[in-house]
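Here is the structure we will look at.
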Amino acid sequence: MSKLITLLMILIINLNANNMKRNNQKPAIKNAAILIRSVEISKPVDTVFDYIIYDLKDNYKAMTEDHIKYELLNSEYLKEGTEIDCREKAGNQTVYHHYKVEKIISNEHIFYLSSPSKVFIELPRKTIESHSNTYCYYNFKKIDNFTTSLQLTIAIQFDNGFQKFFSTLFGGIKPWKKHQKEEMEKLKELIENN
């Protein structure tokens, strides 16, 4: 029964990813905070796509000092089914992701999911351990033969609306917006200088 539920969840996620890619909109994930950042990269779309597929693993830590680890566990490059051990921090939060690549459309779209991601929040007198689901969508759009728009959408899904509201109200999402901006700007630089 749990395998059936898992398969249905993956089907719904993939349908959502396909609709989002076609409509260039926010994913409809219940109780999720959505972070979107786009950059224009002065490289052809296939070069940008190949960089994410083949070279991101070697350059992930160069994107920001807050990137701790990005290791492909069962593959040499990103493909459907690849598992990724990824660790990063923002502000007083450290997150351990165990992503699985769910969908790849060449030169258009990459989607991977960590369900759940472990979250450690450092407070003055203790560390709180929590979790969330993390959805990452890379969308590639050819602007011309030498320019690509790369959009990274991250959906952080909480257990309920109260957790989402609490995290947003007390600034739990704000450091991740800053983190995403920094990593996308550096990613642009890395790809253009590659």
Okay, side chain of [X], backbone of [Y]: is any donor-acceptor separation there less than 3.5 Å?
X    : Y    : answer
K61  : H67  : no
N59  : D55  : yes
E185 : V39  : no
Q157 : K30  : yes
T147 : D144 : no
N31  : G161 : yes

Side chains of [X] and [Y], heavy atoms from C-beta outward: is any pair under 4.5 Å?
X    : Y    : value
S106 : I104 : no
Y96  : I68  : no
Q93  : P175 : yes
C136 : L113 : no
L35  : I173 : yes
I154 : Q180 : yes
T148 : K142 : no
E88  : E183 : yes

Taking all non-hydrogen atoms of both residues, which atom of [X] and which atom of [Y] are closest, and how far apart?
X    : Y    : value
Y77  : I53  : CB-O, 3.5 Å
S114 : H98  : OG-N, 3.0 Å
I34  : A155 : CD1-CB, 3.6 Å
S75  : T82  : CB-OG1, 3.5 Å
S115 : N133 : OG-OD1, 3.0 Å
G81  : N74  : O-ND2, 3.2 Å

Is there a path from [X] to [Y] through hydrophobic residues (I, L, V, M, F, W, Y) whose side chains come within less than 4.5 Å of each other?
X    : Y    : answer
Y51  : L78  : yes
F140 : F111 : no
I110 : L190 : yes
Y137 : M63  : no
I191 : L152 : yes

**Item:** Criterion side chain to side chain contact (heavy atoms under 4.5 Å, CB included) on V101 and I84, from CA distance to verdict
**Value:** CA-CA 8 Å; V101 178; I84 307 162; 4.1 Å; yes
Verify whether one side chain among [X] and [Y] offers a donor that lies under 3.5 Å from an acceptor in the other.
X    : Y    : result
Q151 : T153 : yes
N92  : K89  : no
T64  : E182 : yes
S117 : H97  : yes

**side chain to side chain contact (heavy atoms under 4.5 Å, CB included) against E192, all qualifying residues, sequence neighbours excluded** =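 Scan of E192 (side chain to side chain contact (heavy atoms under 4.5 Å, CB included), adjacent residues dropped) gives I41, S42, K188.
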**Message:** Restricting to side chain to side chain contact (heavy atoms under 4.5 Å, CB included), what partner residues turn up for I128, sequence neighbours left out?
**Reply:**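 I121, L123, K126.
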Using the ring-ring contact (aromatic ring centres under 6.0 Å, His included) criterion, which residues pair with [X]? Sequence neighbours excluded.
X    : answer
Y70  : Y60
Y112 : Y99
F146 : none

Show every donor-acceptor pair shorter than 3.5 Å between a side-chain atom in residues 43-50 and any protein atom, with sequence neighbours excluded, or say none if there are none.
none

**Message:** Before you tell me yes or no, could you show the steps for K118 and H131 under side chain to side chain contact (heavy atoms under 4.5 Å, CB included), namely the whole-Å CA-CA distance, both residues' side-chain angles and the distance that decides it to 0.1 Å?
**Reply:** CA-CA 5 Å; K118 294 180 184 176; H131 67 275; 5.6 Å; no
**Prompt:** If you round to the nearest 0.5 Å, how far is OG of S132 from CD of Q163?
**Reply:**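 Going from CD on Q163 over to OG on S132, the span is 9.0 Å.
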**Message:** Does K178, at its NZ atom, have more than 12 non-hydrogen atoms belonging to other residues, nucleotides or ligands within less than 6.0 Å?
**Reply:**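 12 or below, so no.
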**Request:** Could you walk me through whether E83 and L72 pass side chain to side chain contact (heavy atoms under 4.5 Å, CB included), step by step?
**Result:** CA-CA 6 Å; E83 294 181 16; L72 306 185; over 6 Å; no
**Request:** Look at K186 together with E189 and state whether they make a salt bridge at an N to O cut-off of under 4.0 Å.
**Result:**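 Yes, this pair counts.
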**Message:** side chain to side chain contact (heavy atoms under 4.5 Å, CB included) for L187 and L56? Distances and angles first, verdict last.
**Reply:** CA-CA 9 Å; L187 181 59; L56 182 64; 4.2 Å; yes
